[in-house]
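Here's the structure we're looking at; comments come further down.
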Amino acid sequence: MSDNQEQLAAIAVTLPDGSVRSFPSGTTGIEVAQSIGRKLAQDALALKVNGKTVDLGLPLSADASIEIVTFDSPEGKDIFWHSSSHIMAQAIEELFPGSRFGAGPSIEQGFYYDVASMHRFREEDLRLIEQKMLEISKRDTKIQREELSREAAIEFFKTTRQDPYKVEILEETLKSVETVSLYHQEGFTDLCTGPHIPSTSKLKAVLLTNISSSYWRGDSSRENMQRIYGITFPSEKMLKEHVERLEEAKRRDHRKLGAELGLFMLSPEVGSGLPIWLPKGAIIRNELESFLKEEQRKRGYLPVYTPHIGNIELYKRSGHYPYYSDSQFPPLTYHDEEGKQEQYLLKPMNCPHHHLIYSSAMRSYRDLPIRLTEFGTVYRHEQSGELNGLVRARGFTQDDSHIYCRPDQLVDEICSAIGLTQFVFGTLGFSDVQTRLSMHDPANQAKYGGTAEVWAQAEKDVKEAADRMGIDYFIGIGEASFYGPKIDFIVRDALGRKWQLGTVQVDYVMPERFDLTYIGSDGQKHRPVVIHRAPFGSMERFIGVLIEHTAGNFPLWLAPVQAVVLPIAEDVHEYAASVRQALLDGGIRVELDTRSEKIGRKIREAELSKVPCMIIIGQKEQESGEVSLRRHRIGDEGRFSVSGLVEKLRKEISEKT
RNA sequence: GCUGAUGUAGCUCAGUCGGUAGAGCACUUCCUUGGUAAGGAAGAGGUCAUCGGUUCAAGUCCGAUCAUCAGCUCCA
């Protein structure tokens, strides 16, 4: 086809608003954007043609529905940050010649690039690299795509670029691909499917955040690389907003708030990863435990208690010991007078104890389901670098239950466990919850117990229950536990990191290992199925995430101090004390502030300590026998009679709003 | 566990070239008795994470350990 013919042919381009425009064939994305508006052309980063993102410079040769991709969309951010990682690599190459590049993707909040370099990167280097990136942006370098055969690309990276990492990707990951694409920007070239932003000049603001190490291809037996993280924006203002968001997240950090509000502490004298609940934190935990106990009582759960340690044989039998011996505290070894040795494990999970309770009596099919429940404290020796306040600890308490049921009851029981978890999350205001069906990885059979048939059945049951409950889930291959698939409820913390809280797990393996049985209607022995479930997951982790979620502004029913009585002057102290007593009698956690400070000061301090209700008392209140209520973060709510206030607060507490 | 960073008063942080430790807030006492986010004054508060080394002299330089932070890896 000659150029001339191309010019003559017209194509119909459908825009997102449904309008159709005609363009000569060969029109590029940027030209379409320019025809719509100057601002859009300026913001345009890439083009989406029939749902597929492509470079802005790609000529359109057929009718298509298109969309101009800008930074506002998730695809736009992805492309922008991916391109930024290339620009960072170019900057690093210019500053530190000889550096080689591994993987450099965009991530949820920015990008990183894994670098192999003789130079050991330091904090100061990041500032230099940032400057260089902005300099490259000012050069307004065009980013150009080139397609070529895999062989030619291998040759290019072997000779011109001398980059063994890209060669390895081409020879292994891409071995069945014939044509690959390269992106050139001045002297720097990267292997990449793209698309990319048209020019380095789109990048206006850059912040390189940290340096860490990674393994080439995520394999701990391969070489270490230096991973540099960063984030970039098409304007300075957006970077500023991003930094402000980070600072806000820092203020919400449960480790910071936990110390400020006196909720919990960690001490090297006790041991790292072993949180200690302070009185105020213990109130929150206690309220949550009481709440769940009550819900479970309504749902037919039977509370039990089991010891904190167990004979190691128990865990060998369950299979936990061989599967997870590296993440357990070493066994306690005990020798009796005759030299006989016994070993005990700090319990890493509660299930084996519960299974023994099940099998301590003969069970009839009429008895099932049996739902044993316990707030069971477990100890796991997590790697030191993993520890993180309450959300990743070495000693923590699971709201653990094991439901023993007949196969015909299983899906119903999974559904009701999901229902309970949803109720708990709903009550605590977690709306942004992701649900993952955690399935096994068939390629890694050694990681799991049980037969293929059992796994197929269990995964089918889990999926059926999730579908019946109308859950919007995604599948996580390889995320199952060794004994069965799970439904995991995942919530983000203030910094956007994801944590698994609630979980519902199906288990056909333990009933075999512990030879659990019930007598069926046919008079024969049958195998029950076990469901492991924990709506909170771990009290520590849940409360850690809850602190960040609420920024320490707990709902009234959970607040460690629900109200503080603030007398304005000494002449009303006596009345204030009687108000405090009335609130105490009403079951409200209340304090009285009789310091000789001005009311403004008392209010400020109550606000900062996030007490939900301030009860302000002066002459006027004393004369009328009333109180003034001021709400945390809201302000004055007017006067109430003492009994009316108690009533109001009690109602709010019982409704858990 | 790995890579990097950090560790000074209860908290947030200064501390220059190595020369006997500083601020604000909080705390204690006194004055002040007030109306919805900081009244005033004075005082007390430190084995500079721990251990070792270099030096006439170490918060400061070097090493180890512990803890914390970010990420990696792992995660019942």
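Hydrogens, waters and symmetry mates are skipped; everything else that's a heavy atom, side chains included, is used. In the text below, chain A, chain B and the rest are named by the order of the sequence lines, each starting its count at 1. As the structure is a prediction and not an experimental result, all values here were calculated from the model.
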Item to complete: Quick one: do A/Arg639 and A/Val627 satisfy side-chain contact (heavy atoms from CB on, under 4.5 Å)? Show the steps, please.
Response: CA-CA 5 Å; A/Arg639 300 237 206 121; A/Val627 296; over 6 Å; no
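- Distance check on atom P: B/G45 versus B/A9 gives 15 Å, rounded to whole Å.
- At whole-Å resolution of the value, CZ in A/Arg630 and P in B/U36 are 9 Å apart.
- Under the 3.5 Å distance criterion, the side-chain polar atoms of A/Trp81 are matched with a main-chain donor or acceptor of A/Thr232.
- Screening residues 374-395 of chain A for ring pair (Phe, Tyr, Trp, His ring centres under 6.0 Å), with sequence neighbours left out, gives A/Phe329-A/His381.
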Contacts under 3.5 Å, N or O only, protein and nucleotides 24-29 of chain B:
from: B/A26; atom 1: OP1; to: A/Arg601; atom 2: NH2; distance (Å): 2.9

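- Partners of A/Asp515 by salt bridge (Lys or Arg N to Asp or Glu O under 4.0 Å), not counting sequence neighbours, listed by chain and number: A/Arg527.
- Between the base of B/A76 and the side chain of A/Ser327 there is a donor-acceptor pair shorter than 3.5 Å.
- A/Ile568 comes within 4.0 angstrom of a base, heavy atoms only.
- Of all non-hydrogen atoms in A/Gln500 and A/Lys486, the two that sit nearest each other are OE1-NZ, 3.5 Å.
- With P as the reference atom, B/C72 and B/A14 are 28 Å apart, rounded to whole Å.
- Looking at A/Asp399, its side chain does come within 3.5 Å of a backbone N or O of A/Phe536 through a donor-acceptor pair.
- A straight line from NZ of A/Lys598 to P of B/C31 spans 17 Å, rounded to a whole angstrom.
- A/Glu382 comes within 4.0 angstrom of nothing in the nucleic acid, heavy atoms only.
- If you measure from atom OH of A/Tyr112 to atom C1' of B/A70, you get 15 Å, rounded to the nearest angstrom.
- Distance noted for atom P between B/A23 and B/C30: 24 Å (whole Å).
- Side chain of A/Arg252 to backbone of A/Glu548: a donor-acceptor contact under 3.5 angstrom is found.
- Counting non-hydrogen atoms under 4.0 angstrom, A/Gly600 reaches the backbone sugars and phosphates but no base.
- One interatomic measurement links the two molecules: CZ of A/Arg255 to P of B/U12, which rounds to 13 Å at whole-angstrom precision.
- Between A/Lys486 and A/Lys256, the one whose closest nucleotide on RNA chain B sits nearer the 5' end is A/Lys256.
- A/Asp488 has its CG atom 11 Å from the C1' atom of B/A76, to the nearest Å.
- Pairs engaging residues 605-616 of chain A under the side-chain hydrogen bond (donor to acceptor under 3.5 Å, both in side chains) rule: A/Arg595-A/Glu605, A/Arg601-A/Glu605, A/Glu607-A/Arg630, A/Glu607-A/His632 [sequence neighbours left out].
- Nearest nucleotide to the A/Arg227 side chain, out of B/G39, B/G71, B/A76: B/G71.
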Practice prompt. Decide side chain to side chain donor-acceptor pair (under 3.5 Å) for A/Gln619 and A/Asp571; before the verdict, give the C-alpha distance in whole Å, the side-chain angles of both, and the deciding distance to 0.1 Å.
Written response: CA-CA 8 Å; A/Gln619 272 300 332; A/Asp571 55 351; 2.7 Å; yes
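- For A/Ser641 (side chain) and A/Glu626 (main-chain N/O), no donor-acceptor pair under 3.5 Å exists by modelled atom type.
- Screening A/Ser212, A/Ser213, A/Ser214 for a side-chain hydrogen bond (donor to acceptor under 3.5 Å, both in side chains) involving A/Asp114 leaves a single residue, A/Ser214.
- Taking the side chain to side chain donor-acceptor pair (under 3.5 Å) definition, one finds that A/Arg371 meets it with A/Glu413, sequence neighbours left out.
- Within 4.0 Å of A/Leu387, counting heavy atoms only, lie sugar-phosphate atoms of the nucleic acid but no base atom.
- B/C25 has its base anti relative to the sugar, with a glycosidic angle deviating from 0 by more than 90°.
- With both ends at atom C1', the span from B/U60 to B/A49 equals 16 Å, rounded to whole Å.
- Taking atom C1' on both nucleotides, B/A44 is separated from B/U29 by 10 Å, rounded to a whole Å.
- The residue among A/Gln328 and A/Ser214 whose nearest nucleotide of RNA chain B lies closer to the 5′ end is A/Ser214.
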Tabulated below should be each protein N or O lying under 3.5 Å from an N or O of nucleotides 45-51 of chain B; please produce it.
none

Worksheet, complete the sentence: Encoded 5' to 3' (Watson-Crick or G-U under 3.5 Å; [ ] crossing; | other strand), RNA chain B becomes (((((((..((((.....[..)))).(((((.......))))).....(((((..]....))))))))))))....
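- Ranking B/G35, B/A76, B/A37 by closeness to the A/Glu621 side chain, first place goes to B/G35.
- Ring geometry for A/His402 versus A/His355: interplanar angle over 60°, hence perpendicular rather than tilted (30 to 60°).
- Residues of residues 260-278 of chain A that place a heavy atom closer than 4.0 Å to RNA chain B, in numerical order, are A/Pro268, A/Ser272.
- Rounded to whole Å, the C1' atom of B/A57 lies 14 Å from the corresponding atom of B/C17.
- For the pair A/Arg317 (side chain) and A/Arg513 (backbone), a donor-acceptor distance under 3.5 Å is present.
- In this structure, CD1 of A/Ile603 is placed 3 Å from C1' of B/U36, rounded to the nearest angstrom.
- With C1' as the reference atom, B/U16 and B/G59 are 14 Å apart, rounded to whole Å.
- Residues satisfying the side chain to side chain contact (heavy atoms under 4.5 Å, CB included) test with A/Glu130, not counting sequence neighbours, are A/Arg127, A/Val206, A/Leu207, A/Leu208.
- A straight line from CZ of A/Arg604 to C1' of B/A37 spans 6 Å, rounded to a whole angstrom.
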Fill in: Base versus backbone protein contacts along nucleotides 2-8 of chain B [heavy-atom cut-off under 4.0 Å; B, S, -]
BBSS---
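- Not counting sequence neighbours, the partners of A/Thr173 by the side chain to side chain donor-acceptor pair (under 3.5 Å) test are A/Arg217.
- Listed by chain and number, the residues in a salt bridge (Lys or Arg N to Asp or Glu O under 4.0 Å) with A/Lys463 are A/Asp467 (sequence neighbours excluded).
- Spacing between atom CZ of A/Arg392 and atom P of B/C72 amounts to 12 Å, rounded to whole angstrom units.
- Within the 4.0 angstrom heavy-atom criterion, no nucleotide atom of any strand lies near A/Lys602.
- The same atom, P, is picked in B/A58 and in B/C48; the two are 12 Å apart, to the nearest Å.
- Between A/Asn388 and B/U68 there is no side-chain N or O to OP1 or OP2 distance below 4.0 Å.
- Remark: the backbone N or O of A/Pro268 is not paired with any side-chain donor or acceptor of A/Ser272 at under 3.5 angstrom.
- Between the side chains of A/Asn210 and A/Tyr112, no donor-acceptor pair of N or O atoms lies under 3.5 Å.
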